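To keep things clear, I will list the structure first and then write my remarks on it.
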Amino acid sequence: MPKITLPDGKKLSFPKEVTGLEIAEKISKSLFKQALIMSVDGELKDLYFQIKDDCSVKIFTAKDPEGLDAIRHDTTHIMAMAVQELFPGTKLAIGPAIKDGFYYDFSREEPFTPNDLEKIEIRMKEIIEKDEKTRREVWEREKTKKHYSALGEKYKVELVDMIPEDNEVSIYYHGEWYDLCRGPHLLSTGRIGKYFKLTKVAGAYWRGDSKNEMLQRIYGTGWASQKDLDDYLKRIEEAEKRDHRKLGKEMDLFHFREESPGSVFWHEKGWALFQKLINYMRAKQDLAGYKEVNTPEVLDRLLWEKSGHWEKYGENMYTSETPDEKVFAIKPMNCPGHIQVFNQGLKSYRDLPLRITEFGKVHRYEPSGALHGLLRVRAFTQDDAHIFCSEDQITSECLNVTNLILEIYKDLGFENVILKYADRPAVRVGEDEIWDKAEASLLKAVKASKLEYSINKGEGAFYGPKIEFVLRDAIGRDWQCGTVQVDLNLPGRLDASYVDKDGTKKVPVMLHRALFGSLERFIGILIENYAGKFPFWISPLQTVVIPISEDFEEYAKKVSTKIREAGITSMVDLKNHNLNYKIRDHSLAKIPLLIICGKKEVDSNSVTIRRLDSNKQENMELNSFLKKFSALNKAPSNI
RNA sequence: GCCCUUGUAGCUCAGCUGGUAGAGCAAUUGAUUUGUAAUCAAUAGGUCCGCGGUUCGAAUCCGUGCGGGGGCACCA
């Protein structure tokens with residue numbers, strides 16, 4: 001006589017054991033039709049699971065995240081089924097639902113081609129049309145392993161071994177085809193719907209370990225309705241339009257080339273943007289008490305050995321041998337250099353906290369497969385700083401950094417920031433007691449910031465724990481940018497010390513911090529966030545002056561000069577094209593402000609402006625224009 | 001680094017089963033002097049990523065190297 005409690009608190013009684021489907025039927029006809037899976041006392045179950053005892057039940061449909069996940073999970077099973085039918089001998093690994101879709105990892109000699117994906121998709125649709133019934137069986141552990149060994153499904157055998165001892169080993173059937181799976185699954189393949197699309201084939205290591213065999217992973221996207229699928233595909237298309245590599249080329253900001261993979265050739269406009277950001281940050285950091293320095297790019301191997309980089313980070317370092325056979329390394333980080341600056345002269349506790357900053361260009365030999373436009377490069381400029389302080393200053397300094405980061409992100413249009421706290425990694429330098437101390441003070445700062453945070457276990461730097469600042473962009477993507485890292489190791493290794501109040505020598509704590517992280521990467525993110533339409537104050541070319549005809553060229557030149565004198569970038573378009581052409585041309589180039597000069601403007605010593613994405617015309621007297629836009633030519637927090 | 005995929009004019013791309021390249025835009029020149037998203041015409045422009053091979057003949061087929069893209073691993 002199970003008594004079922006529903007999410008709204010209602011209770012239903014049944015005379016004997018009951019399935020989820022029967023409960024759904026009792027609730028409503030539409031739920032009966034739409035039900036996919038359910039949870040019984042919080043545990044996800046198949047709808048045909050027999051409920052014997054009192055419990056609370058929630059039925060999920062495609063509208064619930066749990067239901068959508070179940071659809072994706074079912075879809076990937078059907079994909080595996082189609083693959084094994086079409087390509088006999090293909091072995092299975094794992095096939096989970098993921099964000100926006102699903103994948104399945106296969107082991108097969110021959111590669112899958114894009115053409116194969118189409119065939120698989122067609123077969124999947126046939127299977128769904130057949131509306132094959134789903135059935136769950138519990139198999140005995142050893143029998144399962146023997147069964148899969150006999151089939152040569154070695155990954156399934158491994159998976160059985162990974163199932164905790166007290167869990168059942170369940171096998172799901174879709175018609176005749178079956179797969180080892182935890183479930184739950186939908187009642188039949190017909191409930192999946194056909195709102196999916198196989199998107200790509202990719203290599204993936206078994207269990208995510210590069211020492212293992214590489215499997216073939218087929219990715220797909222799956223949704224509850226045609227509209228959701230279309231929306232998703234449209235979202236992908238939108239994101240592609242914002243791709244900074246595409247916009248960087250179109251807007252003539254930078255390029256890459258074979259001779260130096262992963263290094264940026266900045267063009268005039270891209271570099272202007274770069275410099276604007278640096279100048280902006282210089283001013284902010286100056287107010288926040290930072291001292292800017294500059295340290296060498298090439299440093300003796302001995303220093304890197306002493307700092308621990310040679311051993312822990314050597315694989316990623318560029319090295320260089322000089323004609324006198326000395327070995328130097330091109331810096332992958334600025335920290336050792338900054339400690340050398342700190343070490344000059346005797347430091348007292350009164351000097352702390354000492355905040356040393358540098359727009360330092362670093363080189364890191366990244367694996368070729370990791371390179372990605374501006375977002376992952378081999379040579380980049382860090383807005384780096386190292387704060388030398390005492391242990392009891394750690395928390396407040398971390399908070400200062402946090403506030404500075406939030407202000408800067410906000411100025412650049414990012415209001416949504418979350419924190420990630422990462423603690424000690426497996427490969428590290430320093431005693432565990434030191435790590436205990438560092439982690440405790442940093443975590444205190446994280447909590448004091450009152451921002452939302454998550455914990456990244458074992459993801460810290462080799463010399464200390466860190467906070468990462470993650471910002472969310474205009475289309476909802478997260479980017480990790482800034483970071484603060486507590487370091488109780490490096491200063492000691494490189495003999496940094498200060499004289500404390502009591503006259504004794506102490507080793508300072510060093511905080512590593514970056515605001516944008518990498519200027520290159522941050523510009524990539526900015527381009528994508530704004531889809532290339534930068535706010536006026538950072539736009540690399542802020543105005544283009546367009547004379548209506550040859551007669552007004554002189555006036556246009558005069559206006560452009562005045563604008564440049566006011567500190568706003570400007571050029572005159574003297575090409576032999578009509579106004580319409582030029583407006584189109586510069587609008588596509590995403591120039592924020594077009595300035596039109598014709599007879600009317602010359603006569604009244606004025607300009608007519610047209611803002612990007614607006615067709616309104618605003619006429620104003622030249623001087624008031626200059627005054628107005630000079631005032632706007634600043635970061636929001638400085639206006 | 002690994003798997004798949006890809007590399008043709010400044011850009012975006014076409015070029016079927018092998019017969020030494022083509023369009024649009026951009027550029028240049030000329031005409032036009034234009035009031036808010038493409039004026040017309042002419043001209044010029046290519047080691048078809050590099051190297052090697054198969055072939056009478058290779059942009060096209062094969063091998064290899066380099067670069068790009070999508071993933072995996074990596075992201076100190």
Side-chain angles (χ1 to χ4, degrees), chain A residues 103 105-106 108 110-114 116-117 199-219 240 243 245-246 249-250 252 255-262 307-309 311-317 332-333 335 362 364-373 375-378 380 422 425 427-429 459-464 466 468 480 483 485 512 517-518 521 546-553 574-589 594-601 608-619:
Chain A
Y103 67 77
D105 285 346
F106 301 101
R108 174 178 176 241
E110 292 285 298
F112 291 111
T113 66
D116 292 338
L117 292 194
T199 50
K200 56 200 167 199
V201 201
Y205 297 108
W206 166 238
R207 298 177 68 177
D209 188 333
S210 58
K211 289 196 267 304
N212 292 337
E213 186 202 345
M214 178 153 278
L215 306 166
Q216 295 190 65
R217 175 174 296 178
I218 301 181
Y219 281 95
E240 275 167 16
D243 191 309
R245 292 164 299 187
K246 184 169 172 281
K249 198 187 266 180
E250 281 174 16
D252 193 20
H255 82 274
F256 288 92
R257 53 193 304 110
E258 279 191 31
E259 294 92 327
S260 189
S307 71
H309 286 83
E311 189 199 341
K312 306 283 179 196
Y313 198 59
E315 278 184 3
N316 297 287
M317 285 161 67
M333 300 185 199
C335 9
V362 296
R364 301 178 178 185
Y365 188 75
E366 301 285 354
S368 59
L371 302 180
H372 183 93
L375 302 182
R376 193 80 184 272
V377 287
R378 284 181 174 158
F380 60 98
V427 179
R428 58 176 182 264
V429 293
E459 297 287 315
F462 73 77
Y463 44 71
K466 64 183 176 186
E468 287 167 349
Q480 192 229 301
T483 173
Q485 303 166 3
H512 305 240
S518 143
R521 179 177 148 83
I546 306 173
I548 299 263
S549 77
E550 274 174 9
D551 294 343
F552 313 110
E553 284 185 2
L574 299 177
K575 280 196 294 263
N576 183 13
H577 274 123
N578 62 26
L579 181 59
N580 280 337
Y581 181 93
K582 290 182 183 181
I583 287 189
R584 179 182 151 81
D585 195 32
H586 300 299
S587 296
L588 290 175
L594 300 184
I595 296 172
I596 319 297
C597 298
K599 181 162 191 321
K600 193 170 82 189
E601 288 75 17
T608 298
I609 66 170
R610 177 189 165 118
R611 297 168 199 257
L612 185 56
D613 287 334
S614 157
N615 52 13
K616 267 207 312 223
Q617 297 174 39
E618 297 171 62
N619 183 265

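Throughout, protein chains are lettered first and strands after them, A, B, ... in sequence-line order, and every chain is numbered starting at 1. Any value given below was found using the heavy atoms of this structure, including those in side chains, with hydrogens, waters and symmetry copies removed. All values derive from a computational prediction rather than experimental measurement.
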Using the side-chain heavy atoms of A:A370, tell me which of these nucleotides is nearest: B:rA31, B:rA73, B:rG1.
B:rA73
So what does A:A202 hit on the nucleic acid, given a heavy-atom distance under 4.0 Å: a base, only sugar-phosphate, or nothing?
base
Select one nucleotide: of B:rC11, B:rG67, B:rC72, the one nearest the side-chain heavy atoms of A:K249.
B:rC11
Categorize A:R610 for me: base, sugar-phosphate, or nothing, with a 4.0 angstrom heavy-atom threshold over every strand shown.
base
Starting from C1' on B:rC72, measure out to CG on A:L215 and report it in whole angstrom.
10 Å
Considering every strand shown, what is the Watson-Crick or G-U wobble mate of B:rG1 when both distances are under 3.5 Å?
B:rC72
Span that lies between the C1' atom of B:rG46 and that of B:rC11, in whole angstrom
14 Å
Select one nucleotide: of B:rU34, B:rA73, B:rC4, the one nearest the side-chain heavy atoms of A:N578.
B:rU34
Which one, B:rC72, B:rU34, B:rG35, comes nearest to the side chain of A:N576?
B:rU34
Indicate, with a heavy-atom threshold strictly under 4.0 Å, whether A:E311 touches base, sugar-phosphate, or nothing.
nothing
Residue A:S210, side-chain heavy atoms: nucleotide from B:rC11, B:rC72, B:rA73 that is nearest:
B:rA73
Provide, to the nearest angstrom, the distance between the CD atom belonging to A:E213 and the P atom belonging to B:rC4.
12 Å
A:D551 has an atom CG; how far is it from atom C1' of B:rU34, in whole Å?
11 Å
Check this one for me: any side-chain N or O of A:R257 less than 4.0 Å away from OP1 or OP2 of B:rG67?
no
Can you check the A:L588 CG to B:rA26 P distance for me, whole Å?
11 Å
Take atom P in B:rU55 and the same atom in B:rC62, then report the distance between them in whole Å.
16 Å
Nearest listed nucleotide, side chain of A:I548, among B:rG35, B:rU39, B:rG70
B:rG35
Using a heavy-atom cut-off of 4.0 Å across all strands, would you classify A:N580 as base, sugar-phosphate, or nothing?
sugar-phosphate
Integer-rounded Å distance: B:rC3 P and A:D116 CG
19 Å
Quick one: closest heavy-atom pair of A:S614 and A:R610, and the distance?
O-NE, 3.3 Å
A:E366 to A:R376 - nearest heavy-atom pair and separation:
OE1-NH2, 2.8 Å
Taking for each residue the nucleotide of RNA chain B with the nearest heavy atom, is it A:K575 or A:G208 whose nucleotide lies nearer the 5' end?
A:K575
Does B:rC72 have its OP1 or OP2 closer than 4.0 Å to a side-chain nitrogen or oxygen of A:Y219?
yes
Look at all strands and tell whether A:K599 reaches a base, only sugar-phosphate, or nothing, counting heavy atoms closer than 4.0 Å.
base
Just call it for A:H372: base, sugar-phosphate, or nothing, with non-hydrogen atoms closer than 4.0 Å on any strand.
sugar-phosphate
Who pairs with B:rU47 - Watson-Crick or G-U, where each distance is under 3.5 Å:
none
Considering only the P atoms, how many Å lie between B:rU8 and B:rG50, rounded to the nearest integer?
10 Å
Proximity to the side chain of A:I596 - top-ranked nucleotide from B:rG7, B:rU36, B:rG1
B:rU36
How would you label the contact of A:K200 with the nucleic acid (heavy atoms, under 4.0 Å): base, sugar-phosphate, or nothing?
sugar-phosphate
Under 3.5 Å on both distances, the Watson-Crick or G-U partner of B:rG22
B:rC13
Measure from CG on A:D252 to C1' on B:rC25 and round the result to the nearest Å.
16 Å
Using atom P of each nucleotide, how far apart are B:rG65 and B:rG15 to the nearest Å?
28 Å
Whole-angstrom distance between B:rC56 and B:rU47, as gauged at atom C1':
23 Å
A:H255 has an atom NE2; how far is it from atom C1' of B:rG7, in whole Å?
16 Å
Counting only Watson-Crick or G-U wobble pairs whose two distances fall under 3.5 Å, which nucleotide matches B:rU28?
B:rA42
Distance between C1' atoms of B:rC13 and B:rA26 (Å, rounded)
14 Å
If the cut-off is 4.0 Å, is A:Y365 near the phosphate of B:rC75, judged by side-chain N/O to OP1 or OP2?
no
Testing the basics here: between A:H586 and A:I546, what is the closest heavy-atom pair and its distance to 0.1 Å?
CD2-CD1, 4.0 Å
Where do A:L574 and A:P547 come nearest, in terms of heavy atoms and distance?
CD2-CG, 4.1 Å
What about A:R376: does its side chain form a donor-acceptor pair under 3.5 Å with the base of B:rC74?
yes
When the P atoms of B:rA44 and B:rG24 are compared, how many Å lie between them, rounded to an integer?
14 Å
Under 4.0 Å between any heavy atoms, over every strand shown, what does A:E315 touch: base, sugar-phosphate, or nothing? Just pick one.
nothing
Partner nucleotide, any strand, of B:rG57 [Watson-Crick/G-U, under 3.5 Å]
none
Looking across every strand, which nucleic acid part, if any, lies under 4.0 Å from A:Y205 by heavy atom: base, sugar-phosphate, or nothing?
base
Students often get this wrong, so: under 4.0 angstrom with heavy atoms, is A:K211 touching a base, only sugar-phosphate, or nothing?
nothing
Against the side chain of A:D613, the closest entry in B:rA37, B:rG67, B:rC72 is B:rA37
Shortest non-hydrogen contact from A:Q485 toward A:K466
CG-CB, 3.2 Å
Under 4.0 Å, counting only non-hydrogen atoms across every strand here, what does A:T113 touch: a base, just sugar-phosphate, or nothing?
nothing
Atom C1', compared across B:rG19 and B:rG57: separation rounded to whole Å
7 Å
For the pair made of OH in A:Y103 and C1' in B:rG71, what is the distance, rounded to whole Å?
11 Å
The side chain of A:P261 lies closest to which of these nucleotides: B:rC2, B:rG67, B:rA37?
B:rG67
On RNA chain B, does the nearest nucleotide to A:D243 precede the nearest nucleotide to A:E550 from the 5' side, or the other way round? Give the residue.
A:E550
